[in-house]
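Predicted model, so just to flag it, every value in this text is computed and none were measured.
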Amino acid sequence: MSSGHIAEPYIIGFSIFLIGAVTSFMKLWPSLVPYEYGFRVILFTYCLIIVSGYRMGNPIRTAMDRLYSIAIGALIAVLVNVFICPIWAGEQLHRELVNSFNSLADSLEECVKKYLSDDGSEHPEFSKTVMDNFPDEPAFRKCRATLNSSAKFDSLANSAKWEPPHGRFKHFFYPWAEYVKVGNVLRHCAYEVMALHGCVHSEIQAPYNLRCAFKSEILDATKQAAELLRSLAKDLNNMKWSLQTSLLKHVHVSTERLQHSIDLHSYLFTASQEDNYAKPQLKISRVVSFKNQSGEPESKTTETRTPMAMEVESYHEMMKRQQRKLHSWPSREVDDFEDDENVVSDLIPRMRALESTTALSLATFTSLLIEFVARLDHLVEAAERLATMARFKQQIAN
């Protein structure tokens with residue numbers, strides 16, 4: 001270098017710092033994040049050539065040796081990945097998307113089945129609920145993995161763009177970006193399944209007999225939705241597309257039946273004032289006990305229940321008390337607090353209001369299920385767009 005032996009080390013050190021700073025900030029740019037490894041190679045190669053040229057005096061030879069080593073390593077990697085042990089990012093992306101469809105269908109059915117079969121006798125501890133530790137729900141873990149697959153799908157799609165046509169993906173410019181879009185829509189459907197799972201493990205639960213009243217409609221809608229998801233996964237796996245009109249129609253009909261049933265029995269989701277005035281007023285006769293001069297009790301305290309009061313307690317009140325035992329909240333009946341003198345009077349109406357929300361939790365669960373079905377329309381549209389751009393074979397649905 002013409003700068004002399006004194007200034008040359010400072011110039012080399014400043015240039016390395018400058019190139020390192022530029023490459024470090026460029027690889028943080030969102031559109032350049034997938035090429036982070038390339039920036040590291042550029043920085044390492046530049047430092048190697050500059051430092052070796054300073055020590056050996058022939059940077060051109062060092063640069064050519066570095067270029068040859070990179071070319072030989074890249075050629076060996078390509079030959080191994082193509083002929084010896086093929087690893088295609090596109091094939092892996094295709095398989096991951098199919099598995100996500102099936103996992104979502106399994107998680108939906110498992111969640112609904114657990115909600116309808118839970119009688120409130122067993123509930124997980126609060127620590128397990130917070131840590132999402134549910135060993136008896138394997139499909140829940142798969143659904144959670146689907147929600148965390150965004151970065152994986154993006155990485156596989158960016159790698160697949162550089163792959164040549166191979167296997168079942170024979171034409172150029174394969175629409176790998178559409179796989180990412182379908183995965184995004186699928187994750188929005190998975191959000192609803194996670195919300196349904198939250199209803200299953202919530203503290204306030206609807207009575208078991210109330211859930212059984214809508215059991216057939218909920219199971220029918222769930223079955224049709226899961227069947228549609230598995231049909232989409234099958235078409236995507238076979239790279240064949242069949243119009244999902246009939247399946248979509250069945251899903252919509254079952255959902256409309258569920259909505260119609262909720263509309264007809266909407267009175268079950270609201271608190272009734274009849275439950276309060278139907279409560280029997282028990283007549284209790286109390287005798288104040290006192291002691292005579294000898295210290296012996298002259299009369300004992302008696303607490304009797306008149307036959308009329310026993311007849312007033314209706315069948316509806318007994319059923320109401322039986323239903324409360326099936327609630328996860330409250331663990332103690334509100335009527336027990338009414339007889340407690342230590343409880344503040346303002347607390348009773350609040351507890352009554354919370355007790356009435358147990359039925360509304362079922363309305364929340366069904367509304368989330370209907371919202372999930374509504375999002376399936378967007379999922380079918382995204383899958384159909386992928387099938388068109390990827391040139392899937394058209395077939396007639398049975």
Side-chain angles (χ1 to χ4, degrees), residues 30 33-34 36 87-115 117-118 124-161 163 169 175-202 222-239 365 368-369 371-383 385-386 390:
V33 169
E36 180 182 0
I87 300 177
W88 301 105
E91 185 69 28
Q92 186 177 359
L93 175 61
H94 185 87
R95 185 170 56 252
E96 289 289 338
L97 186 60
V98 173
N99 293 336
S100 297
F101 274 91
N102 292 324
S103 298
L104 186 61
D106 295 340
S107 182
L108 176 64
E109 288 184 335
E110 180 184 83
C111 180
V112 174
K113 181 180 179 181
K114 187 175 182 62
Y115 182 77
S117 61
D118 186 13
E125 298 178 359
F126 181 75
S127 58
K128 294 183 179 180
T129 306
V130 173
M131 300 301 295
D132 290 339
N133 185 14
F134 305 106
D136 58 335
E137 301 179 18
F140 165 71
R141 300 179 182 178
K142 298 179 181 179
C143 183
R144 186 171 57 183
T146 302
L147 294 177
N148 300 328
S149 63
S150 177
K152 186 176 183 180
F153 278 20
D154 292 337
S155 177
L156 291 174
N158 290 327
S159 300
K161 290 189 298 185
E163 295 177 350
F169 316 102
W176 298 113
E178 292 299 321
Y179 279 82
V180 179
K181 294 180 181 179
V182 175
N184 293 335
V185 180
L186 189 64
R187 277 194 300 277
H188 278 79
C189 296
Y191 292 149
E192 296 299 323
V193 177
M194 294 298 291
L196 291 172
H197 186 271
C199 292
V200 173
H201 296 283
S202 62
T222 303
K223 179 182 178 181
Q224 298 298 334
E227 184 179 354
L228 177 60
L229 288 173
R230 293 192 176 96
S231 178
L232 292 174
K234 183 179 179 180
D235 290 347
L236 184 62
N237 187 35
N238 299 330
M239 301 188 72
F365 186 86
L368 289 173
L369 181 59
E371 175 64 22
F372 174 82
V373 172
R375 296 189 180 189
L376 288 180
D377 294 339
H378 302 284
L379 183 61
V380 173
E381 293 177 1
R385 191 182 306 110
L386 171 62

Is the backbone N or O of Ala151 less than 3.5 Å from a side-chain atom of Ser155, with the two atoms forming a donor-acceptor pair by type? no
With no hydrogens and no angle check, is any side-chain donor or acceptor of Asn158 less than 3.5 Å from a backbone partner on Asp154? yes
Return the OG to CZ distance between Ser107 and Arg144, rounded to the nearest 0.5 Å. 10.5 Å
Which heavy atom of Ala160 sits nearest a heavy atom of Trp176, and at what distance? O-NE1, 3.3 Å
Between Glu110 and Lys142, is there a side-chain N and carboxylate O pair less than 4.0 Å apart? no
Determine, step by step, whether Asp106 and Arg230 satisfy the side-chain contact (heavy atoms from CB on, under 4.5 Å) criterion, reporting the C-alpha distance in whole Å, the side-chain angles of both residues, the deciding distance to 0.1 Å, and the verdict. CA-CA 9 Å; Asp106 295 340; Arg230 293 192 176 96; 2.6 Å; yes
Reference residue Leu232; test side-chain contact (heavy atoms from CB on, under 4.5 Å); the match among Leu379, Leu376, Asn102: Leu379
Heavy atoms of Ala226 and Ala105 approach each other most closely as O-CB, 3.9 Å
Tell me if a side-chain donor or acceptor on Glu192 pairs with a main-chain N or O of Glu371 at a distance below 3.5 Å. no
Pair Arg385 + Glu381, salt bridge at N-O below 4.0 Å: no
Nearest non-hydrogen partners of Leu186 and Phe101, listed with the distance: CD2-N, 3.9 Å
Closest non-hydrogen atoms of Cys199 and Tyr115, given as atom of the first, atom of the second and distance, are O-CE1, 4.2 Å
Just do the side-chain contact (heavy atoms from CB on, under 4.5 Å) check on Thr146 and Asn99 with the steps written out, would you? CA-CA 9 Å; Thr146 302; Asn99 293 336; over 6 Å; no
Between Ser231 and Glu227, is there a donor-acceptor pair closer than 3.5 Å when you use the side chain of the first and the backbone of the second? no
For the atom pair SG (Cys111) and CZ (Phe365), what is the distance rounded to the nearest 0.5 Å? 5.0 Å
Atom CD of Glu91 and atom CD of Glu163: how far apart are they, to the nearest 0.5 Å? 9.5 Å
In plain terms, say whether Lys181 and Glu178 are close enough for a salt bridge, that is, a side-chain N and a carboxylate O under 4.0 Å apart. yes
Do you know which two heavy atoms are closest between Leu104 and Cys189, and how far apart they sit? CD2-CB, 3.9 Å
Close side-chain approach of Leu236 and Leu97, heavy atoms under 4.5 Å: yes
Would you indicate whether the side-chain heavy atoms of His201 and Lys114 approach each other to under 4.5 Å? yes
With no hydrogens and no angle check, is any side-chain donor or acceptor of Ser117 less than 3.5 Å from a backbone partner on Lys113? yes
Which atoms form the tightest heavy-atom contact between Val98 and Ala233, and what is the distance? CG1-O, 3.8 Å
Would you please indicate if the ring centroids of Phe169 and Trp88 are separated by under 6.0 Å? no
Is there side-chain contact between His197 and Leu368, with at least one heavy-atom pair below 4.5 Å? no
Flag side-chain contact, heavy atom, 4.5 Å: Leu156 against Val180: no
Please work out which of the three classes, parallel, tilted or perpendicular, describes the rings of His188 and Tyr191, given edges at 30° and 60°. perpendicular
